[in-house]
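This report refers to the structure that appears directly beneath it.
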Amino acid sequence: IGSTRGAQAAPDGYVLTMGQMGTHGGAPAMYPRLKYDPVKDFAPVGMAAGTPILIVARKQFPPATLKDFITYVKANTAKVNEAHAGAGSVSFTSCTLLNSQLGLKFTQVAYRGTGPALNDLVAGQVDFMCDQIVNLVEQVKSGNIKAYAIATAERSPALPNVPTTKEAGLPEYQVTAWNALFAPKGTPPAIVNKVNAALDKALDDANVRKRLLELGAVIPPKSERSPAWLGTFVQAEVARWTPILKAAGARGE
């Protein structure tokens, strides 16, 4: 996991990092020799967007509903395989949570990125995956894969026919990936606030909001856009994912 992946120059020459659930939530548990601390080594700037998780499967996978899926995979665990975009990815982390709640362990097929994993799911080479709605919405709409549920309290306007996990029979499975901006540790507060204000303005732009909602993203409310809120949130994410991933024996390279 690269802590500067997607880095961009901020005003006055400071470098911004787009962090997410993997880099700033699950990484400490996945990588014992991680070369950065997601809490101490960054100056939080602001939340950019939330991306709810979908449970999806290949088009011809036998179960029709989430309840059917749970019954089927419990009876056929040894035959079922799960695709993910690599250890530490959002798809890996979110499926690890699902597996822990179901008390199951599937054959995992790791890919170098979501694209190859999704391609094989569409082709019917793997059975199911859990991933961000923004990566899956077009394939679901096209009927190339089936969606069992979205792991949020409310349905997504992007896929209004897909039930929530609560509606579908697995209310405890609630997970939304997220993307947020971070600056280097020690960045002056004035710079952090300047970039935060620009992010806040962008999230209120009608065209930006329209596109994010079309993709199925969740736009953070005003109360969840501040640097302070993000800092507290990252601490909570690390605390949430560490026991889940350690209990599953998850390890990255």
Query raised in the report: Can any side-chain N or O of Thr23 pair as donor or acceptor with the backbone N or O of Gln20 at less than 3.5 Å?
Result: yes
Query raised in the report: Hey, does Pro163 have a side-chain heavy atom less than 4.5 Å from the side chain of Ile150?
Result: no
Report summary line: Smallest heavy-atom separation, Ala29 atom then Trp241 atom, equals CB-O, 4.4 Å
Requested in this report: To the nearest 0.5 angstrom, please state how far the CD1 atom of Ile70 sits from the CG atom of Leu98.
Outcome: 7.5 Å
Query raised in the report: Do the side chains of Leu199 and Leu203 get nearer than 4.5 Å, heavy atoms only?
Result: yes
Query raised in the report: Is it the case that one hydrophobic cluster holds both Leu104 and Val175, taking links as side-chain heavy atoms less than 4.5 Å apart, direct or via other members?
Result: yes
Report task. Could you tell me which residues satisfy side chain to side chain contact (heavy atoms under 4.5 Å, CB included) with Thr71, sequence neighbours excluded, listed by chain and number? Result -> none
Query - In one Ile/Leu/Val/Met/Phe/Trp/Tyr side-chain cluster, 4.5 Å: Val140, Leu213 - result: no
Query raised in the report: Is the side chain of Thr242 donor-acceptor paired with the backbone N or O of Ala239 at a distance under 3.5 Å, no angle test?
Result: no
Report summary line: For residues 126-149, the ring pair (Phe, Tyr, Trp, His ring centres under 6.0 Å) pairs (sequence neighbours left out) are Phe69-Phe128, Phe69-Tyr148, Phe106-Phe128
Query raised in the report: Do any pairs count as a salt bridge (charged side-chain N to carboxylate O under 4.0 Å, His left out) and have a residue in residues 92-110, sequence neighbours left out, and if so which ones?
Result: none
Requested in this report: Could I get the full list of ring pair (Phe, Tyr, Trp, His ring centres under 6.0 Å) partners for Tyr173, not counting sequence neighbours?
Outcome: none
Report task. Hey, could you give me the OG1/CG distance between Thr165 and Leu170, rounded to the nearest 0.5 Å? Result -> 6.0 Å
Query raised in the report: Less than 4.5 Å apart, any side-chain heavy atom of Leu118 and any of Gln139?
Result: yes
Query raised in the report: Within a strict 4.5 Å, meaning less than it, do heavy atoms of the Ile133 and Leu215 side chains meet?
Result: no
Query - All pairs passing ring pair (Phe, Tyr, Trp, His ring centres under 6.0 Å) where residues 182-226 contributes a residue, at least two apart - result: His24-Phe182, Phe42-Phe182
Table please: side-chain donor-acceptor pairs of residues 186-193 below 3.5 Å, with sequence neighbours left out.
| unit_1 | atom_1 | unit_2 | atom_2 | d |
| --- | --- | --- | --- | --- |
| Thr187 | OG1 | Pro184 | O | 2.6 |
| Asn193 | ND2 | Pro189 | O | 3.2 |

Query raised in the report: How would you list all residue pairs meeting salt bridge (charged side-chain N to carboxylate O under 4.0 Å, His left out) that involve residues 72-98, not counting sequence neighbours?
Result: none
Query raised in the report: How would you list all residue pairs meeting salt bridge (charged side-chain N to carboxylate O under 4.0 Å, His left out) that involve residues 37-61, not counting sequence neighbours?
Result: Asp41-Lys185, Arg58-Asp127
Query raised in the report: salt bridge (charged side-chain N to carboxylate O under 4.0 Å, His left out) with Arg240: which residues, sequence neighbours excluded?
Result: none
Query raised in the report: So, the side chain of Glu224 versus the backbone of Met47: is there a donor-acceptor pair under 3.5 Å, distance only?
Result: no
Query raised in the report: How would you list all residue pairs meeting side chain to side chain donor-acceptor pair (under 3.5 Å) that involve residues 206-223, not counting sequence neighbours?
Result: Asp200-Lys222, Asp204-Lys222, Lys210-Glu214, Arg211-Glu214
Query - Summary of salt bridge (charged side-chain N to carboxylate O under 4.0 Å, His left out) pairs that have at least one residue in residues 139-161, sequence neighbours excluded - result: Arg155-Glu167
Report summary line: Residues Glu172 and Gln101: closest non-hydrogen pair is O-NE2, 3.1 Å
Query - Contact check, side chains of Val45 and Leu16, non-hydrogen atoms, under 4.5 Å - result: yes
Report summary line: Smallest heavy-atom separation, Pro44 atom then Gly231 atom, equals CG-CA, 3.7 Å
Query raised in the report: Does one hydrophobic cluster hold both Val80 and Val109, with members joined at side-chain heavy-atom distances below 4.5 Å?
Result: no
Query - Evaluation steps, side-chain contact (heavy atoms from CB on, under 4.5 Å), between Phe92 and Met30 - result: CA-CA 11 Å; Phe92 174 88; Met30 288 288 302; 3.6 Å; yes
**Report entry** OG on Ser89 to CD on Gln132, rounded to 0.5 Å
**Finding:** 9.0 Å
Requested in this report: Using atom types as modelled and distance alone, determine if a side-chain donor or acceptor of Ser156 lies under 3.5 Å from a backbone N or O of Ala158.
Outcome: yes
Query - Side chain to side chain, Leu97 and Thr93, heavy atoms closer than 4.5 Å - result: no
Requested in this report: Return each pair, listed once, that meets disulfide bond (SG atoms under 2.5 Å apart) where at least one residue sits in residues 173-238; pairs must be two or more places apart or across chains.
Outcome: none
Query raised in the report: Applying the 4.5 Å side-chain criterion to the ILVMFWY set and letting contacts propagate, would Val208 and Val134 be lumped into a single cluster?
Result: no
Query raised in the report: When hydrophobic residues are tied together by side-chain contacts of less than 4.5 Å, even through go-betweens, does Val122 share a cluster with Phe61?
Result: no
Query raised in the report: Rounded to the nearest 0.5 Å, how far apart are CG of Leu136 and CD1 of Ile145?
Result: 5.0 Å
Query raised in the report: Is the closest side-chain heavy-atom distance between Thr51 and Val218 below 4.5 Å?
Result: no
Query raised in the report: Is there a side-chain contact (heavy atoms from CB on, under 4.5 Å) between Leu245 and Thr96 once you walk through the steps?
Result: CA-CA 7 Å; Leu245 294 172; Thr96 297; 3.8 Å; yes
Report task. First locate atom OG of Ser94, then atom CE of Met21, and finally report the distance between them rounded to the nearest 0.5 Å. Result -> 5.5 Å
Report summary line: In short, Ala83 meets Met129 closest at the heavy-atom pair O-CB, 3.3 Å
Report task. Calculate, to the nearest 0.5 Å, the distance between atoms CG and CG belonging to Leu159 and Leu54 respectively. Result -> 6.0 Å
**Report entry** Donor-acceptor under 3.5 Å (Asn196 side chain, Arg225 main chain)
**Finding:** yes
Query raised in the report: Passes side-chain contact (heavy atoms from CB on, under 4.5 Å), Thr152 versus Thr176? Steps please.
Result: CA-CA 7 Å; Thr152 51; Thr176 295; 3.5 Å; yes
Query - Check against side-chain contact (heavy atoms from CB on, under 4.5 Å), Ile53 and Val90 - result: CA-CA 9 Å; Ile53 298 299; Val90 169; 3.6 Å; yes
